[in-house]
There are 2 protein chains.
Amino acid sequence: MTPAERDTLERLEERTRTVRRGGILRRSNDRSGELFVLRSGLMMTYVLLGDGSRQILRFHFPGDMLGLSGLVYPEAPETICAVTESVVCPFERSALAQLVEAHPRLASMILAYGQIDRVSLTDRLAALGRTSAKARVGALLLEWRSRLRAGDGSIGESFSLGLTQEEVGDATGLTAVHVNRMLRQLEEEGLIAREGQRVTICDERALMAATNYVDRYRDLDLGWLPAGR
Amino acid sequence: MTPAERDTLERLEERTRTVRRGGILRRSNDRSGELFVLRSGLMMTYVLLGDGSRQILRFHFPGDMLGLSGLVYPEAPETICAVTESVVCPFERSALAQLVEAHPRLASMILAYGQIDRVSLTDRLAALGRTSAKARVGALLLEWRSRLRAGDGSIGESFSLGLTQEEVGDATGLTAVHVNRMLRQLEEEGLIAREGQRVTICDERALMAATNYVDRYRDLDLGWLPAGR
DNA sequence: CGTAGCATTGAAACATGTCAAGTAAGGTGG
DNA sequence: CCACCTTACTTGACATGTTTCAATGCTACG
């Protein structure tokens, strides 16, 4: 990355804001056009439906860009909320416009990043539409491990899932009760082990085969990017 | 739009390729990095799962940009297929890189377009995760009407749904049999009327209330875009 | 006129949701 | 340090929505 590019990115992260556990960064129908970079912590995006049920759309890990939907919608379509205490760096849409003008390669990277996000969403769509409850829960576990590992290479087969079973259910389109049963089944089949918040992937091959999980953050090809400025 | 911008877009659409009904433009795991603009016809993107079931991820209408996932993945994660005979304009990833370098405003528009796409996907995700079969089928009908109308303002309450019930099922995460029953129910409740391929929305208010459908192509805010070049 | 794909319908099986009760763990005020 | 309270987890019995399987009818097309 060129010095100018690095400088531009750093300027996006000049200000910071802390959101405490459970705190809401942006509520659905809010009129804020701000965007954010997640610096630390874990967050999620969800929607509430008319009947009060919730669908969690995405989990966000450090480095993710949040609130991109503010680029098009004057009213936020989704709620962004902190799963654990988090620090975000807010910036204005106009700052993004400047970035796109000055740094085509960064703009292309953001465009590419959006595609990863989009393909991950389609994976989850296919999971909700066409796979069993057990497969969905298993896929969520694999996704969490792989994303946590991206931020901390020392993570092995075992990690702490900082979610309640109700949250797992809202992400996978299941009830908390059924999530509980599926976790138990995965455990009885020897695919995972549990101990409080901690989950261990015991048989990765079998779990991946049972869930069709694909890690979309691997095997990227960014060879087409323009030169840096 | 500036003359230079218009010219750049036209150059993307220099070549054309015709895909006949049912033809496949790009198969999952293909290594092609081409992108496309859909000029005419209707297409869809889907994935096939290990057990042979299919999840339709998106329907594409004229003007849509296809195959953006090729920007990051050397192997296509999805299959793109023609619902009706279609004409697409293929172009290279490098052409997009040039566009981003030369025309920041167009780049920003593509970025913004990606957000519409992404939010539509999350709407469908919430529908699959948290709404009933009837609501999902109803939402699909509303979506089709609104997208067809965007291309042809003369379309009113009645339109031709060029999909088999199996395709509707693969898009909504249901079986063809159940789609049939849901259509019948919607009809019996007076929300829609059917006549062969033709569907009429009889009670739009009630249908929208029953489905939580939101038209994501309306009420956009692109005020932040940089100036054209 | 035959055939192939699609739509329709019924009955039964299955997966997941709902409700209810009980347990374990953690935080807080006395 | 304890008693309490809240929140999350666990489990069972039952209800419901959706799938599966199978049979039939319809329509278009060669």
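Chain letters run A, B, ... following the sequence lines, proteins first, then strands; residues in each count from 1.
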Worksheet entry | Heavy-atom protein contacts under 4.0 Å, nucleotides 5-17 of chain C, coded B base, S sugar-phosphate only, - none | -SSBBBB----BB
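- With respect to B/Asp215 and B/Arg149, no salt bridge is recorded, no charged nitrogen being found less than 4.0 Å from a carboxylate O.
- Scanning DNA chain D 5' to 3' for nucleotides with an atom closer than 4.0 angstrom to a non-hydrogen atom of chain B gives a first and last hit of D/dT18 to D/dC21.
- Residues B/Ser69 and A/Arg118 bring no donor and acceptor atom of their side chains to less than 3.5 Å of each other.
- Looking only at side-chain heavy atoms (C-beta outward), B/Asp203 and B/Glu189 stay at 4.5 Å or farther from each other.
- More than 12 non-hydrogen atoms from other residues, nucleotides or ligands lie less than 6.0 angstrom from CD of A/Gln185.
- Other residues, nucleotides and ligands contribute at most 12 non-hydrogen atoms within 6.0 Å of the CD atom of B/Glu195.
- Of all non-hydrogen atoms in B/Arg124 and B/Ile56, the two that sit nearest each other are NH2-O, 3.3 Å.
- The neighbour count for B/Arg198 CZ, taken as heavy atoms of other residues, nucleotides or ligands under 6.0 Å away, is above 12.
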